[in-house]
Amino acid sequence: MAVILSKKSPSAAEKDLNSIRKGRDLSFFDLVSIDQVTPEDLGLLYDVARRFREYKTYKFSFNKGSSQVNAFFEPSTRTSSSFDLAAKQLSMDTAGVSSNSSVEKGESYLDTVQTIDSYNVKTIVIRSKESGVPAVAARYTQASIINAGDGWHEHPTQALLDGLTMLDHCKSKDMKGRVVVIVGDIMHSRVFGSLVRLLKTLKAEVRISAPLTLIPEDVEKFGVKWYGKVEEALTGADVVYALRVQSERGANGFIPTLREYSKMFGISRKRLDLAKKDAILMHPGPVIRDIDVHSALAAVDEQSYILRQVENGMAVRKALLWLIVDRIDGKKKTFTRK
Ligand code: CP
């Protein structure tokens, strides 16, 4: 579905966004897990994000006077650049802290986050190799903490943008009756951790396919079904969602070789053709071409929605930052500093 860009004046666009919002607020101050997002939050975020997508060339003054620190203690391209640009397009001041910070000299994450918090910033976006860093940070800061991916745990804004991409493709308010197949390194994937929870809320049928060694033991609790043969999983799918083999988290120790993995589970043209004719191919990125997805499909194929996911990431993150910073209800975060 092509997005038609708006030609409204900036002030008319601001008025329109305020009217779409209709006096609604998010129910959370920090976003650590997708479980915090209620169906009402989801409706609000998606209504606003769809509008921001139409206004993607606009700069808004909504968050003027507020600051954000992007604390990325692990590499990132999509999440870090979109959070930074989203904040700037809402007129926020931004600063970045990376793994090349005093954490390298032995300073704890908590001391680092509290240092940033003393600038009185409104939002701190955190990416960490370890699970749980954003959850702990949220307990000790007045700023809103946004989890930009923590260890093997969760990546809630990735799930939000993926949900928007799927719903828009299906032109529906939920994914009832739709089949989503997640193929790849489920075990080490924080993207899976958030997406599977959201897909449950959206009522999708979720199939997973990977070598058994890359499947966590208790995965059935999410109501998903495992397929050892990817061809069986893909048959009749509406969405094919490929995940990277996460070598930096030790995934190579769970498969014979990457070449073998690609042969058995890589998404090729032939395999994608087993899905429905109008099925879409998604991937959170970074794509390891010819391992998780065959190169010819990765970015240019008309069924590939990988760059559309990136575009939706900007819109969703802008919606989140506007709504988190500009609370109509005037409530402030309460936190438990010790
Ligand atoms: N999807 C995702 O988190 O990508 P980055 O690591 O590039 O941010």
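For ligands, and for the atoms within them, numbers begin at 1 and follow the listed sequence. Atom set for the values below is all heavy atoms of this structure, side chains included, hydrogens, waters and symmetry mates excluded.
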(message) If the threshold is 4.0 Å, N to carboxylate O, is there a salt bridge linking D218 and K221?
(response)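 K221 and D218: salt-bridged.
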(request) Using a strict cut-off of less than 4.0 Å between a Lys/Arg side-chain nitrogen and an Asp/Glu carboxylate oxygen, indicate whether K176 and D174 qualify as a salt bridge. (result) no
(request) Keeping to residues at least two apart or across chains, list the ring-ring contact (aromatic ring centres under 6.0 Å, His included) pairs with something in residues 79-120. (result)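 Listed by first then second residue: F73-Y109.
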Show every donor-acceptor pair shorter than 3.5 Å between a side-chain atom in residues 251-259 and any protein atom, with sequence neighbours excluded, or say none if there are none.
{"from": "N252", "atom 1": "OD1", "to": "S247", "atom 2": "OG", "distance (Å)": "2.9"}
{"from": "T257", "atom 1": "OG1", "to": "E260", "atom 2": "N", "distance (Å)": "2.9"}

(request) Sequence neighbours left out, what passes ring pair (Phe, Tyr, Trp, His ring centres under 6.0 Å) with F265? Give chain and number order. (result)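 Partners of F265 by the ring pair (Phe, Tyr, Trp, His ring centres under 6.0 Å) criterion, ordered by chain and then number, come out as Y261.
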Put together the list of close N/O pairs, under 3.5 Å, between ligand 1 and the protein, could you?
{"from": "ligand 1", "atom 1": "1 (N)", "to": "Q158", "atom 2": "OE1", "distance (Å)": "3.0"}
{"from": "ligand 1", "atom 1": "1 (N)", "to": "P284", "atom 2": "O", "distance (Å)": "2.8"}
{"from": "ligand 1", "atom 1": "1 (N)", "to": "G285", "atom 2": "O", "distance (Å)": "3.3"}
{"from": "ligand 1", "atom 1": "3 (O)", "to": "T79", "atom 2": "OG1", "distance (Å)": "3.0"}
{"from": "ligand 1", "atom 1": "3 (O)", "to": "R127", "atom 2": "NH2", "distance (Å)": "3.0"}
{"from": "ligand 1", "atom 1": "3 (O)", "to": "H155", "atom 2": "NE2", "distance (Å)": "2.9"}
{"from": "ligand 1", "atom 1": "4 (O)", "to": "R78", "atom 2": "NE", "distance (Å)": "3.1"}
{"from": "ligand 1", "atom 1": "6 (O)", "to": "R127", "atom 2": "NH1", "distance (Å)": "3.2"}
{"from": "ligand 1", "atom 1": "7 (O)", "to": "T77", "atom 2": "N", "distance (Å)": "2.8"}
{"from": "ligand 1", "atom 1": "7 (O)", "to": "R78", "atom 2": "N", "distance (Å)": "3.0"}
{"from": "ligand 1", "atom 1": "7 (O)", "to": "R78", "atom 2": "NE", "distance (Å)": "3.1"}
{"from": "ligand 1", "atom 1": "7 (O)", "to": "R78", "atom 2": "NH2", "distance (Å)": "3.1"}
{"from": "ligand 1", "atom 1": "8 (O)", "to": "S76", "atom 2": "OG", "distance (Å)": "2.6"}
{"from": "ligand 1", "atom 1": "8 (O)", "to": "T79", "atom 2": "N", "distance (Å)": "2.9"}
{"from": "ligand 1", "atom 1": "8 (O)", "to": "T79", "atom 2": "OG1", "distance (Å)": "2.6"}
{"from": "ligand 1", "atom 1": "8 (O)", "to": "R127", "atom 2": "NH2", "distance (Å)": "3.2"}

(message) Taking CG in D278 as the centre, count heavy atoms belonging to other residues, nucleotides or ligands within less than 6.0 Å. Is the count above 12?
(response)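 Count over threshold, so yes.
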